[in-house]
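Chain identifiers are assigned alphabetically (A, B, ...) following the order of the sequence lines, protein sequences preceding nucleic acid strands; residue numbering begins at 1 within each chain. Note that the coordinates shown come from a computational prediction; the quantities given were computed from them, not determined experimentally.
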2 protein chains.
Amino acid sequence: MNEELLIGFGQHVRTLRQKLEISQEELAANCGLDRTYISGIERGKRNVSLINIFRLAEALGSTPSALLDFSFGVTNE
Amino acid sequence: MNEELLIGFGQHVRTLRQKLEISQEELAANCGLDRTYISGIERGKRNVSLINIFRLAEALGSTPSALLDFSFGVTNE
DNA sequence: ATGTGACTAGGAGTCCGTT
DNA sequence: AAACGGACTCCTAGTCACA
């Protein structure tokens, strides 16, 4: 299911952010996005688009490719 | 700039599709998207969202991570 | 410092067609 | 087979007040 995918992505973003020991607010500032938007992403409520994936990756000191490299419960048949 | 990013992504999609020797129409059918939408993506006119990146990756016999692993002219900065 | 619901504008994505 | 356009629906980007 798609929901799982967004949640998996969000958790991955959160993990990377916490590794940097920065708040959602700081991350938001670093990539020019809104704090509540970051919150929505980490909770899997947002279907982020390509451009914002690149922005996030940069702000997280990672790469877009690495940002999509996560496992998620493939409830999908 | 963002435009370069979308174009880079689009070219990468096109390359992968041509390796499979399938048409845009076939790719569209394989990932449940519209033919004209695929065309737009390959031309760098579309800012694809996360869920569709995953769908494209699957239909291309690749991974989302690999799909974002391309270089693009960083006209940025 | 974060979660959440609601909101508008604009873009994602579809469907018709022509070149 | 693919580029491109118009018109359409619905969702995402981005922001707000508030829990």
Side-chain angles (χ1 to χ4, degrees), chain A residues 1-62 64 67-68 70 72-73 75-76, chain B residues 1-62 64-65 67-68 70 72 75-76:
Chain A
M1 186 35 189
N2 288 334
E3 203 175 322
E4 319 257 348
L5 197 162
L6 298 182
I7 292 175
F9 178 75
Q11 286 177 343
H12 193 214
V13 168
R14 176 164 293 177
T15 301
L16 291 174
R17 176 177 62 81
Q18 289 174 340
K19 259 184 201 154
L20 296 179
E21 292 182 319
I22 60 177
S23 66
Q24 290 181 350
E25 287 185 336
E26 286 171 288
L27 174 58
N30 290 345
C31 53
L33 295 173
D34 196 81
R35 168 189 76 76
T36 64
Y37 187 54
I38 300 292
S39 172
I41 292 171
E42 292 191 357
R43 284 177 292 122
K45 301 298 180 187
R46 297 287 187 154
N47 183 16
V48 194
S49 68
L50 192 54
I51 290 176
N52 283 338
I53 291 172
F54 273 71
R55 286 211 223 173
L56 278 169
E58 189 170 10
L60 287 167
S62 183
L67 206 51
L68 292 211
F70 61 92
F72 59 99
T75 311
N76 203 355
Chain B
M1 186 33 192
N2 288 333
E3 203 175 323
E4 318 260 346
L5 196 162
L6 297 183
I7 292 174
F9 179 73
Q11 286 176 343
H12 193 215
V13 168
R14 174 165 296 177
T15 301
L16 292 174
R17 175 178 64 78
Q18 290 174 340
K19 260 185 203 152
L20 296 179
E21 293 182 316
I22 59 176
S23 67
Q24 290 180 351
E25 287 185 341
E26 287 173 288
L27 175 58
N30 289 345
C31 55
L33 294 171
D34 197 80
R35 165 183 68 83
T36 64
Y37 188 53
I38 301 291
S39 172
I41 292 172
E42 291 191 358
R43 283 177 291 126
K45 302 296 181 189
R46 298 291 186 153
N47 183 18
V48 195
S49 66
L50 188 55
I51 289 176
N52 284 337
I53 291 172
F54 273 72
R55 285 210 222 174
L56 277 169
E58 190 170 10
L60 287 167
S62 182
S65 180
L67 205 53
L68 292 209
F70 60 93
F72 59 100
T75 312
N76 202 358

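For the helix from C:dG3-D:dC18 to C:dT19-D:dA2, the end axes, each set by the C1' atoms of five terminal pairs, are bent relative to each other by 40° (nearest 10°).
Here the side chain of B:R55 pairs a donor or acceptor atom with the backbone of B:C31 at under 3.5 angstrom. Under a 3.5 Å cut-off, the side chain of B:R43 and the backbone N or O of B:G10 do not form any donor-acceptor pair.
The two atoms that bring B:L27 and B:A59 nearest to each other are CD1-CB, 3.7 Å, heavy atoms only. In terms of heavy atoms, B:R35 sits closest to B:E25 at CD-OE2, 3.1 Å.
The number of heavy-atom neighbours closer than 6.0 Å to CD of A:E21, taken from other residues, nucleotides and ligands shown, is 12 or below.
Residues B:L16 and B:L67 are in side-chain contact: their nearest non-hydrogen atoms beyond the backbone lie under 4.5 Å apart. The side-chain heavy atoms of B:N2 and A:L50, taken from C-beta on, include no pair separated by under 4.5 Å. With contacts defined as side-chain heavy-atom distances shorter than 4.5 Å, the pair B:T15/B:F70 does not qualify. The shortest side-chain heavy-atom distance between A:I22 and A:N30 falls under the 4.5 Å cut-off. Annotation: side chain of B:I41 is not in contact with side chain of B:N52 (no heavy-atom distance under 4.5 Å).
Residues from residues 33-43 of chain B lying near DNA chain D, meaning a heavy-atom separation below 4.0 Å, are B:R35, B:T36, B:S39, B:R43 in numerical order. Residues from residues 15-32 of chain B with heavy atoms under 4.0 angstrom of DNA chain C, sorted by number: B:G32.
Rounded to a whole Å, the CG atom of A:N47 is 8 Å from the C1' atom of D:dT12. Between the CD1 atom of B:I51 and the P atom of D:dC11 there is a distance of 11 Å, rounded to whole Å. Rounded to an integer number of Å, the gap from B:R14 CZ to D:dA1 C1' is 11 Å. For the pair A:I53 CD1 and D:dA13 C1', the interatomic distance rounds to 13 Å; values are reported in whole Å. Between the P atom of C:dG13 and the CG atom of B:L56 lies a distance of 9 Å, rounded to the nearest Å. When the C1' atom of D:dT12 is taken as reference, atom CG of A:N2 falls 14 Å away, rounded to whole Å.
Side chains of B:Q11 and B:E42: a donor-acceptor N/O pair is absent below 3.5 angstrom, by distance only.
In this model, a side-chain donor or acceptor of B:R46 finds a partner on the base of C:dG13 within 3.5 Å.
Using a 4.0 Å cut-off, some side-chain N or O of B:N52 falls inside it from OP1 or OP2 of C:dG13. Close to D:dA13, at under 4.0 Å from its OP1 or OP2, lies a side-chain N or O of A:S49.
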